[in-house]
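One structure is given below, encoded as structure tokens.
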Amino acid sequence: NWSFNDGVARLSRRSPVTGEVAGERTGSELEFVRELGGLLLMHKFAVDELLTKLRIWSEEFDYAHEHDPIEHIASRIKRPESIMQKLRRKGLPVTLASARDHLTDIAGVRVVCPFVSDVYLIRDLIRRNGMEIVQTKDYIAEPKPNGYRSLHLLIRVPVHLSDRVEKVTAEIQLRTIAMDFWAAVERKIFDKSGGAPRPEFSGELKAAADAAADLDARMKGLHELKALAREVVPD
Ligand code: GTP
Ligand code: MG
């Protein structure tokens, strides 16, 4: 029962002491959040289209090539609060048009791959399958100063509605398991609000990122050795 659940959610945000609702929004902001619904839905559709393609490729490669290039996939739609925060942070008006025109990461998909070569394989599959890549940031070829590695793509995903096709921008982050491990833990230690890590930490952080890259290189070596062994002694 949805209305019951909704009621519980609202009750739990109301202070039993003052009667105030936690984080209650002002009138215009509330209107903005309502308008945002349609835009968020379009971005959810884009994520759905993308996830379906990625899952098909994952199963197809597992079946046809005995190597699944995708370890796991995560996705998220940016929350209205984060959209407002980002618009304010960038000094942009907090309007629907400004969110639509300036924010490219409302739809986000992260693809984690076993090997670095899989990252570029998925990039190629995206390009060859009707999704235009409008921006590439290759932090694998050129890691960020803190050591962050990943391939970031902005793509235009065709969303097939009942009466038209809309192209929706989505951000894809592709990385290996080792890169994902580093990024996930780094984010836990130095979240965005904390600003840049103190200089005394940054050397160690970078060294940890290099160790992750070294792991990737060693796993690649093992993978190649196994392929070679198979050629010599087919199993
Ligand atoms: P934003 O305003 O955050 O979108 O900056 P940008 O457009 O310059 O983004 P960039 O492509 O560099 O990074 C976008 C996303 O990549 C971030 O929101 C994170 O999810 C991820 N990311 C980028 N740099 C780092 C990093 O140093 N550490 C971790 N853990 N994640 C990062
Ligand atoms: Mg960005």
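Counting starts at 1 for both ligands and their atoms, in listed order.
Shown in contact with K144 at under 4.0 Å from a heavy atom are these atoms of ligand 1, numbered in order with element: 12 (O), 23 (C), 24 (N). With ligand atoms numbered from 1 in the order given, ligand 1 contributes 26 (C), 27 (O) to contacts under 4.0 Å with heavy atoms of N146. Of all atoms in ligand 1, listed by their number and element, those nearer than 4.0 Å to a heavy atom of A183 are 30 (N).
Inclusion of K137 in the set of residues having an N or O under 3.5 Å from an N or O of ligand 1 is warranted. Checking only distances, R175 never comes within under 3.5 Å of ligand 1, N or O to N or O.
Under the 4.5 Å side-chain heavy-atom criterion for ILVMFWY residues, no single connected hydrophobic cluster contains both F45 and L36.
For the ligand labelled ligand 1, residue F190 lies outside the 4.0 Å heavy-atom shell.
More than 12 heavy-atom neighbours from other residues, nucleotides or ligands sit within 6.0 angstrom of NZ on K53. Atom CE of M42 sits in a crowded spot, with more than 12 heavy atoms from other residues, nucleotides or ligands closer than 6.0 Å. A 6.0 Å sphere centred on CD of Q135 holds more than 12 heavy atoms belonging to other residues, nucleotides or ligands.
The nearest non-hydrogen atom to atom 15 (C) of ligand 1, considering only R89, R76, Q173, K86, comes from Q173.
Taking 4.5 Å as the limit, some side-chain heavy atom of H67 sits within range of a side-chain heavy atom of F115.
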What do the steps show when you test E49 against H160 for side chain to side chain contact (heavy atoms under 4.5 Å, CB included), and what is the final call?
CA-CA 9 Å; E49 296 255 13; H160 297 258; 3.8 Å; yes
